[in-house]
Protein chains: 4
Amino acid sequence: MTAERKRPHTGRQRNEAARTAILDAAMALLGTARFTADEIAREAGVGKQTLYRWWPSKAAVVAEAMGRRARDIAPVPDTGTVLGDLREFLAETFTGAAEPANRNALRQIMASAQQDEHLAEAVAGFTAARRDALRSLLERAGRRGELPAGADLDLAVDQAYGVLWYRLLVGHAPLDRRAAEQLARALIASVGA
Amino acid sequence: MTAERKRPHTGRQRNEAARTAILDAAMALLGTARFTADEIAREAGVGKQTLYRWWPSKAAVVAEAMGRRARDIAPVPDTGTVLGDLREFLAETFTGAAEPANRNALRQIMASAQQDEHLAEAVAGFTAARRDALRSLLERAGRRGELPAGADLDLAVDQAYGVLWYRLLVGHAPLDRRAAEQLARALIASVGA
Amino acid sequence: MTAERKRPHTGRQRNEAARTAILDAAMALLGTARFTADEIAREAGVGKQTLYRWWPSKAAVVAEAMGRRARDIAPVPDTGTVLGDLREFLAETFTGAAEPANRNALRQIMASAQQDEHLAEAVAGFTAARRDALRSLLERAGRRGELPAGADLDLAVDQAYGVLWYRLLVGHAPLDRRAAEQLARALIASVGA
Amino acid sequence: MTAERKRPHTGRQRNEAARTAILDAAMALLGTARFTADEIAREAGVGKQTLYRWWPSKAAVVAEAMGRRARDIAPVPDTGTVLGDLREFLAETFTGAAEPANRNALRQIMASAQQDEHLAEAVAGFTAARRDALRSLLERAGRRGELPAGADLDLAVDQAYGVLWYRLLVGHAPLDRRAAEQLARALIASVGA
DNA sequence: AGTTAATCGAGACGGTACGTCAGGTCTTGGC
DNA sequence: GCCAAGACCTGACGTACCGTCTCGATTAACT
């Protein structure tokens, strides 16, 4: 898993390869016992100073890495119906988050964010983007007439991500397709009322 | 804020006053930068060994302290209607959790639980007890005929506590009476459907 | 060479064995490339913090260790004549200093003392004690009538230790019994004039 | 104290002005806490690479700078008598070395030479040149018949420079004209015997 | 009444990780 | 090809906190 040992110097400009290697190493180590500044640097084949030159703390690296990964996350589907869209979106989101590697990373990020301001901001930004995605899905349904006009979508969105994070952090119940489907129906019922 | 300096020795029996002082100090420091075994001991006017004699780790102290505080938490009300009960219960729960001292404590507990097994268990137990409370509220409504018989109450419960914890940890939206009321209506609508 | 792994804790009192182990390790490592706070601690089987708890810097450890070793150094001989005494004293001093382990230690101490105040003081104290020893040897000769009364002994003493340190630090000429003998004669001649 | 910011590029030829600026900056910083490769480069208004292009290490810069300064050092005087010559030579040497700027530079050079081979060689060369100067002074006296023919001049020379360096490094006694005069007489007595 | 045993406050200890600093290497872009 | 700039890797530094250990005192329970 260790990065290739050969990476050309880029002189006085920032070495993008080093930056990438650090972010990759940080994500690879997230959620493991080796999640250490020294280990991240070693894994990335980088001096520790290079890490601290560009990020104020280990947490900040994670914050950026998380933002980078956010792009790979479940896009808003378009199946033609709210139920279809919502079911699909939540299923993708739940199963993605429940994957062991992601699960550990997300848990540790949320945990660290409680004590690190940089990371708290990053988490706020990341979660806001995800909420926006879900909200846009629901708004489209409203425009289609599947949901009433004045519905409180923000609360519904928080109910969805609330279930996700609550189960992720406490671990008392599964995050699977079945849970996603039930939640999809429940949300539609509650918003539609 | 420091504990009274005078506390009598109790000889060869466990000193209950010391135990209490440690729990108090731990709760007082939870959520601050000084949340350290050394600081807890100093704040409690206690030797560090006294802490580790009775708890296996700093987190375990927090776990017990949390359990102790759990007793003070919103009881299940009985207003005669689901909406009334739920609104009251959630409002008490939300505003209690949002109180700055509690808020910081809860955030740090959940954060620490992600890395400490003892604490994870304690959190699991604590949250289960709270879920049971809410579930019993809803079951009573079912028996009264206010909610359909076969409804999936577990999901509704997770939606409620999900919103609570999600907003607590991310901080993007308030946890106030208004949110509680909206959530109460939404849950009833979704379960009733 | 590593210290025995078993050393009992002494509780809340300073652990004299740890102190000794650190001093020993420091002397053992002096003059080698491994002369590092981490290495000293590892060699002594001690946490680094224990070193920094009692000494402000690595140099201060050396300073104390050197003072401890100073007691083992060449005593003032009494052969009955200045020449005999001086020859003996210088020969012991020179050959002792020239021994590889001592040589490296002394060089590194004197070097570090140029940048570290603690160590500079320690070196000043150590060298003063050695000058006093040599001076007392010459004073006794004066009382015996072997040297004139008002002679400037301080300069003679500095000439002796000057040759020692100069050769130690520059390495252009040997520090052996022959050099000691020549120097003994030269000093007697110059003081006696 | 910073070098003038304007210095014309010389294109593909070595820029002598840069070389000089580095040497000057090195000497200016010698003996201070800012004696750092980065600081020397900044002070000289030079890239660090320019320093390492021409010298193998920081110490080597110092070595060359020292050699450059060596030319300014006390020449061998010719007063007509050993005592006059020696007194004059030592007085110049002592007072020159004792000047604060020189004093700090010499101390740090000798200190660094204990850990750096390049510098050790430079110091060896520099000190040998100085010993030769003093030796030639004494040899001339021998040819004049002021000193016996077979005298051991090397030891006398080491006694002289020994006093100089010993007092420089330990700082327990002054290096002034009076010390020079006393030493001159002592050396003549010891060599003449 | 004296002895035994467990608790307590205190703080030193071995260890792990932190974030900083300096040395010496490397590359860019301008001259 | 030299230069200023500055990013890079390496490795030592001194600090913070964890959980363990031992002391000397205090007091309850047992003899």
Side-chain angles (χ1 to χ4, degrees), chain A residues 7-15 17-19 33-39 41-42 44-58, chain B residues 5 7-15 17-19 35-39 41-42 44-58, chain C residues 5 7-15 17-19 34-39 41-42 44-54 56-58, chain D residues 7-15 17-18 35-39 41-42 44-59:
Chain A
R7 184 191 329 115
H9 266 209
T10 54
R12 66 171 294 185
Q13 297 157 275
R14 177 165 186 180
N15 189 336
R19 177 178 161 277
R34 290 170 55 225
F35 184 64
T36 287
D38 283 275
E39 279 296 330
R42 176 199 311 287
V46 140
K48 213 176 3 160
Q49 184 67 159
T50 299
L51 193 160
Y52 284 108
R53 200 193 326 276
W54 301 111
W55 293 278
S57 72
K58 201 176 48 165
Chain B
R5 284 277 86 108
R7 182 186 332 114
H9 258 214
T10 54
R12 62 179 291 182
Q13 295 161 273
R14 174 166 188 181
N15 189 336
R19 177 179 161 277
F35 185 65
T36 291
D38 285 274
E39 278 296 329
R42 178 199 310 286
V46 139
K48 227 181 345 165
Q49 182 58 29
T50 300
L51 192 161
Y52 284 105
R53 197 189 331 271
W54 302 110
W55 293 276
S57 72
K58 193 178 59 163
Chain C
R5 284 276 87 107
R7 182 188 332 114
H9 266 210
T10 54
R12 65 171 295 185
Q13 298 157 273
R14 176 165 189 181
N15 188 337
R19 178 179 161 276
R34 290 171 54 225
F35 184 65
T36 288
D38 283 277
E39 278 297 329
R42 176 198 312 286
V46 140
K48 212 170 14 154
Q49 186 63 52
T50 299
L51 192 160
Y52 285 108
R53 200 190 329 272
W54 301 111
S57 71
K58 205 176 45 167
Chain D
R7 182 186 335 112
H9 261 211
T10 54
R12 61 181 292 179
Q13 293 161 270
R14 174 165 188 181
N15 188 336
F35 184 64
T36 291
D38 285 274
E39 278 296 328
R42 177 198 311 285
V46 138
K48 230 188 335 172
Q49 184 56 30
T50 301
L51 192 160
Y52 284 105
R53 200 192 325 277
W54 302 111
W55 293 276
S57 73
K58 193 179 62 164

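In the text below, chain A, chain B and the rest are named by the order of the sequence lines, each starting its count at 1.
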Revision key, fill the gap. When rounded to the nearest 0.5 Å, the distance separating CG of A:Leu51 from CD of A:Gln49 is 9.5 Å
**Study point:** A:Asn15, nearest nucleotide to its side chain (from F:dC8, F:dC3, E:dC8)
**Key:** F:dC8
Review point. In Å, rounded to the nearest 0.5 Å, how long is the span from NZ of C:Lys48 to NZ of C:Lys58?
Key: 11.0 Å
**Study point:** Annotated protein contacts, base or backbone, on nucleotides 21-28 of chain E with a non-hydrogen cut-off under 4.0 Å, one of B, S, - each
**Key:** BSSBBBBB
Point to revise | Atom of B:Ala41, atom of B:Gly47 and distance for their closest heavy-atom approach | key: CB-C, 4.2 Å
Check your understanding: Please give, in whole Å, the distance from F:dC9 P to A:Trp54 CH2?
Key -> 12 Å
Practice item. Please report, rounded to the nearest Å, how far the C1' atom of F:dT20 is from the CG atom of B:Leu51. Key: 13 Å
Exercise for review: Please list, chain by chain and in numerical order, all residues satisfying side chain to side chain contact (heavy atoms under 4.5 Å, CB included) with C:Thr36, sequence neighbours excluded.
Suggested key: C:Asp38, C:Glu39
Review point. Taking all non-hydrogen atoms of both residues, which atom of D:Ser57 and which atom of D:Tyr52 are closest, and how far apart?
Key: CA-CE2, 4.0 Å
Point to revise | Rounded distance (Å) that lies between atom P of F:dA16 and atom CZ of B:Arg42 | key: 12 Å
Practice item. Report yes or no: is the cationic atom of A:Arg14 (NZ for Lys, CZ for Arg) closer than 6.0 Å to the six-membered ring centre of A:Trp54, at no more than 45° off its axis? Key: yes
Review point. Quick one: is B:Arg53 getting a side-chain N or O under 4.0 Å of the E:dC8 phosphate, OP1 or OP2?
Key: yes
Review point. Is the phosphate of E:dG9, meaning OP1 or OP2, less than 4.0 Å from a side-chain N or O of B:Thr50?
Key: yes
Review point. CZ of C:Arg14 versus P of E:dC13: gap in Å, rounded?
Key: 7 Å
Review point. What's the CD-P distance between B:Glu39 and E:dG11, to the nearest Å?
Key: 14 Å
